[in-house]
Amino acid sequence: MGASQPAPPQAAAPPPARVVTRFAPSPTGFLHIGGARTALFNLLFARHHGGDFRLRIEDTDRARSTEPAIAAILDGMTWLGLDWDGEVVYQFARAARHAEVAHQLLAAGHAYRCYATPQELEALREAQRAAKQPMRYDGRWRDRTDFPNDQPYVIRLKAPRDGSVTIDDLVQGPVTVANAELDDMVLLRSDGTPTYMLAVVVDDHDMGVTHVIRGDDHLNNAFRQLALIRAMGWQEPAYAHIPLIHGSDGAKLSKRHGALGVDAYRDEMGLLPEAVENYLLRLGWGHGDDEIISRAQAIQWFDLAGVGRGPARFDMKKLESVNGHYLRAADDARLVALIAPAMATALGRGLTDAGRDLLRRSMSELKKRASNLNDLASGSLFLLRSRPIPMDDAAAKLLASAGAALLQAARDTLAGTSEWTAPALEHEARGLAEARAVKLGQVAQPLRAAITGAAQSPGLFDVLALLGRDESLGRIDDAIAHLQQERATA
RNA sequence: GGUCCCUUCGUCUAGCGGUCUAGGACGUCGCCCUUUCACGGCGAAAACACGGGUUCGAUUCCCGUAGGGAUCACCA
């Protein structure tokens, strides 16, 4: 600790404070996957300790902050169920309070006016760069009192110059930085607005934040923020700096591999929020061999000590796999509702109640064959198509090589079944295959093509049962008619 | 470049001095199930970055090297 550190405010231990964490995104873009994970960890930690999870929008940069970005962040948080406590705090609205603290520091002698111009500082940096010296403010106004009257000035923190500061980071462990490495940061700009460094510290303090959990790109900032906290004599929060997420190639996450808004994971990739949450939780944190972890279990198990110290790579394949798991576990009616819009678009018409009911009844089979909602929707389309349904190339080939005669025989056999159920239909089909001394597949594949328009589908007899007698027979008739017409024109 | 952080299968991770012939998951490959595709089941290949220490004993502790990352604004 530096010799010039002020004494801790209270020697007596304060009562065990209620844990308060916060997620503080700046609304310059959308809520990306890394931010979502940071928010998740903050939420889980707070809930684990029965505390509060707050949300603060860091919109002090007026030029870069936008309304749509704020809306997108709130939307993304809501979708993922990252429910925050209390009101959202907008940092810009607190600028007066921030300035007040800066002036308080100035009055107490913990801060000073600096009249160096931006050009002057740029020249300083240039000289340092040329001399291969570390680039930092040299404190030229730190002890001066000959202030010009009409010149603009900034307020800088008079930070300790000797000694060092150690942060016992809850993820990174003890990290020590010499005070000589830190320069006197700007608290209040010459236009009177607060800098980020000032704003975070004041807001965290005023919001009662006890644990600052954020990306490790802020680790270096923590030391300067701590100097400010100590100058004010405030209670120091605990810090936890979690590693950033990297792209699949190990480079910093970019548009190419995953650094999209979470809305893209929902709207474009068709992922379920609980799957994204589970994947994010496991990215950088583990609990033994557990992979599928519910929110309730996560709250019970989550701890900062379990967070890895190295950056993790984003792996879309695994996310899809986790999504597939949650898709299969999801409620059928919910899935129907989720894919209905996309299906209506593909079909060019809205879904009828009968159509929705058919989807719901088929869902247990459909969802086993999809790992995201897009595939689920496209894989379900054949059920709702209007006759005659379109054939893909594989299906057309299957029908052509089978021939109309076989289809007709199959149609007659199926039509003769006493009850239109999957077991009964399968029994009939097997009987036909046996009578013709062919494998079941010889009969089933052409039928599948006629019924679904594809070479792959859920179990054929389940589909027949689901579609019903009239629709099924009708589709087979369509295929037969098509084959005969082709032969006639050939 | 200065400072700080990190390093177990391709990827996410378990491991917190002997239980490691290093476990799980995704991916890959093979087999089974089977009317197709999936789901599911079984199995295989696949890792402690390197070099020094400390120790009776290092994946586990310490120090280097290499590699990776973060950060050095009147941005956040």
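Numbered from 1 within each chain, the chains take letters A, B, ... in sequence-line order.
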Taking the nucleotide of RNA chain B with the nearest heavy atom to each, does A/Leu319 or A/Asn221 sit closer to the 5' end?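 On the 5' side of the pair lies A/Leu319.
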Does A/His287 or A/Arg136 map to a spot on RNA chain B nearer the 5' end, using the closest nucleotide for each? A/Arg136
At 4.0 Å (heavy atoms only), tell me whether [X] reaches a base, stays on the sugar-phosphate, or touches nothing.
{"X": "A/Val175", "value": "sugar-phosphate"}
{"X": "A/Gln172", "value": "sugar-phosphate"}
{"X": "A/Leu244", "value": "sugar-phosphate"}
{"X": "A/Met197", "value": "base"}
{"X": "A/Arg313", "value": "sugar-phosphate"}
{"X": "A/Ser65", "value": "nothing"}
{"X": "A/Ala116", "value": "base"}
{"X": "A/Arg64", "value": "base"}
{"X": "A/Thr60", "value": "sugar-phosphate"}

Looking at residues at least two apart in the chain, or sitting in another chain, which of them share a side chain to side chain donor-acceptor pair (under 3.5 Å) with [X]?
{"X": "A/Asn221", "value": "A/His218"}
{"X": "A/Thr417", "value": "none"}
{"X": "A/Glu471", "value": "A/Arg475"}

Just how far, in rounded Å, is [atom2] of [N] from [atom1] of [X]?
{"X": "A/Glu181", "N": "B/C5", "atom1": "CD", "atom2": "P", "value": "12 Å"}
{"X": "A/His241", "N": "B/C4", "atom1": "NE2", "atom2": "P", "value": "16 Å"}
{"X": "A/Arg37", "N": "B/C12", "atom1": "CZ", "atom2": "C1'", "value": "11 Å"}
{"X": "A/Leu226", "N": "B/C4", "atom1": "CG", "atom2": "C1'", "value": "15 Å"}
{"X": "A/Ile292", "N": "B/C12", "atom1": "CD1", "atom2": "P", "value": "18 Å"}
{"X": "A/Leu182", "N": "B/C4", "atom1": "CG", "atom2": "C1'", "value": "11 Å"}
{"X": "A/Asn372", "N": "B/C39", "atom1": "CG", "atom2": "P", "value": "13 Å"}
{"X": "A/Tyr137", "N": "B/U3", "atom1": "OH", "atom2": "C1'", "value": "21 Å"}

Contacts under 3.5 angstrom, residues 457-469 of chain A side chains, donor-acceptor by atom type, not counting sequence neighbours:
from, atom 1, to, atom 2, distance (Å)
A/Ser457, OG, A/Arg448, NH1, 2.8
A/Arg469, NH1, A/Ala415, O, 3.2
A/Arg469, NH2, A/Ala415, O, 3.2

Select one nucleotide: of [options], the one nearest the side-chain heavy atoms of [X].
{"X": "A/Asp289", "options": "B/U3, B/C5, B/G24", "value": "B/G24"}
{"X": "A/Glu58", "options": "B/A76, B/C4, B/A70", "value": "B/A76"}
{"X": "A/His246", "options": "B/A76, B/C74, B/G69", "value": "B/G69"}
{"X": "A/Glu291", "options": "B/U3, B/G24, B/A76", "value": "B/G24"}
{"X": "A/Val154", "options": "B/C6, B/C74, B/C4", "value": "B/C74"}

Under 3.5 Å between N/O atoms: give me all the protein pairs with nucleotides 35-38 of chain B, atom names plus distance.
from, atom 1, to, atom 2, distance (Å)
B/U35, OP1, A/Arg430, NH2, 2.5
B/U35, O2, A/Arg448, NH2, 2.1
B/U36, O4', A/Gln445, OE1, 3.2
B/U36, O2', A/Ala455, O, 3.2
B/U36, N1, A/Arg448, NH2, 3.2
B/U36, O2, A/Ser457, N, 2.8
B/U36, O2, A/Ser457, O, 3.2
B/U36, N3, A/Arg448, NH1, 3.2
B/U36, N3, A/Ser457, O, 2.6
B/U36, O4, A/Gly459, N, 3.3
B/C37, O2, A/Arg369, NE, 2.5
B/C37, N3, A/Arg369, NE, 3.3
B/C37, N3, A/Arg369, NH2, 2.9
B/A38, O2', A/Lys368, O, 2.3

Pairwise [atom1] distance for [N] and [M], with rounding to whole Å:
{"N": "B/A46", "M": "B/C26", "atom1": "C1'", "result": "13 Å"}
{"N": "B/C50", "M": "B/U8", "atom1": "C1'", "result": "15 Å"}
{"N": "B/U34", "M": "B/C39", "atom1": "C1'", "result": "12 Å"}
{"N": "B/G18", "M": "B/A58", "atom1": "C1'", "result": "9 Å"}
{"N": "B/U28", "M": "B/A22", "atom1": "P", "result": "25 Å"}
{"N": "B/A38", "M": "B/A49", "atom1": "P", "result": "37 Å"}
{"N": "B/G30", "M": "B/C37", "atom1": "P", "result": "14 Å"}
{"N": "B/A25", "M": "B/C62", "atom1": "C1'", "result": "33 Å"}

With a 4.0 Å cut-off, would you call [X] and [Y] a salt bridge?
{"X": "A/Asp206", "Y": "A/Arg94", "answer": "yes"}
{"X": "A/Arg62", "Y": "A/Glu67", "answer": "no"}
{"X": "A/Arg282", "Y": "A/Asp290", "answer": "no"}
{"X": "A/Glu320", "Y": "A/Lys317", "answer": "no"}
{"X": "A/Arg56", "Y": "A/Glu58", "answer": "yes"}

Show me, pair by pair, the donor-acceptor contacts under 3.5 angstrom made by side chains of residues 152-160 of chain A, not counting sequence neighbours?
from, atom 1, to, atom 2, distance (Å)
A/Arg156, NE, A/Asp184, O, 2.8
A/Arg156, NH2, A/Asp184, O, 3.3

Would you indicate, yes or no, if B/C74 has its OP1 or OP2 atom less than 4.0 angstrom from a side-chain nitrogen or oxygen of A/Arg125? yes
Check each of A/Arg224, A/Arg140, A/Arg142, A/Arg125 against A/Asp183 using the salt bridge (Lys or Arg N to Asp or Glu O under 4.0 Å) test, and report the only one that passes.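 The option that passes is A/Arg224.
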Listed partners of A/Phe302 passing ring pair (Phe, Tyr, Trp, His ring centres under 6.0 Å), at least two apart: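 A/Phe302: ring pair (Phe, Tyr, Trp, His ring centres under 6.0 Å) contacts with A/Phe41, A/Trp285.
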Under 3.5 Å on both distances, the Watson-Crick or G-U partner of B/U36: none
Residue matched to B/U28 through Watson-Crick or wobble contacts both under 3.5 angstrom: B/A44
Expected rows: protein N/O vs nucleotides 27-29 of chain B N/O, under 3.5 Å:
none

Can you find an N or O donor on one side and an acceptor on the other, under 3.5 Å apart, linking the side chain of A/Ser190 with the base of B/C74? yes
Going by the rule side-chain contact (heavy atoms from CB on, under 4.5 Å), which residues pair with A/Ala127 if we only count those two or more places apart in sequence or in a different chain?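 Scan of A/Ala127 (side-chain contact (heavy atoms from CB on, under 4.5 Å), adjacent residues dropped) gives none.
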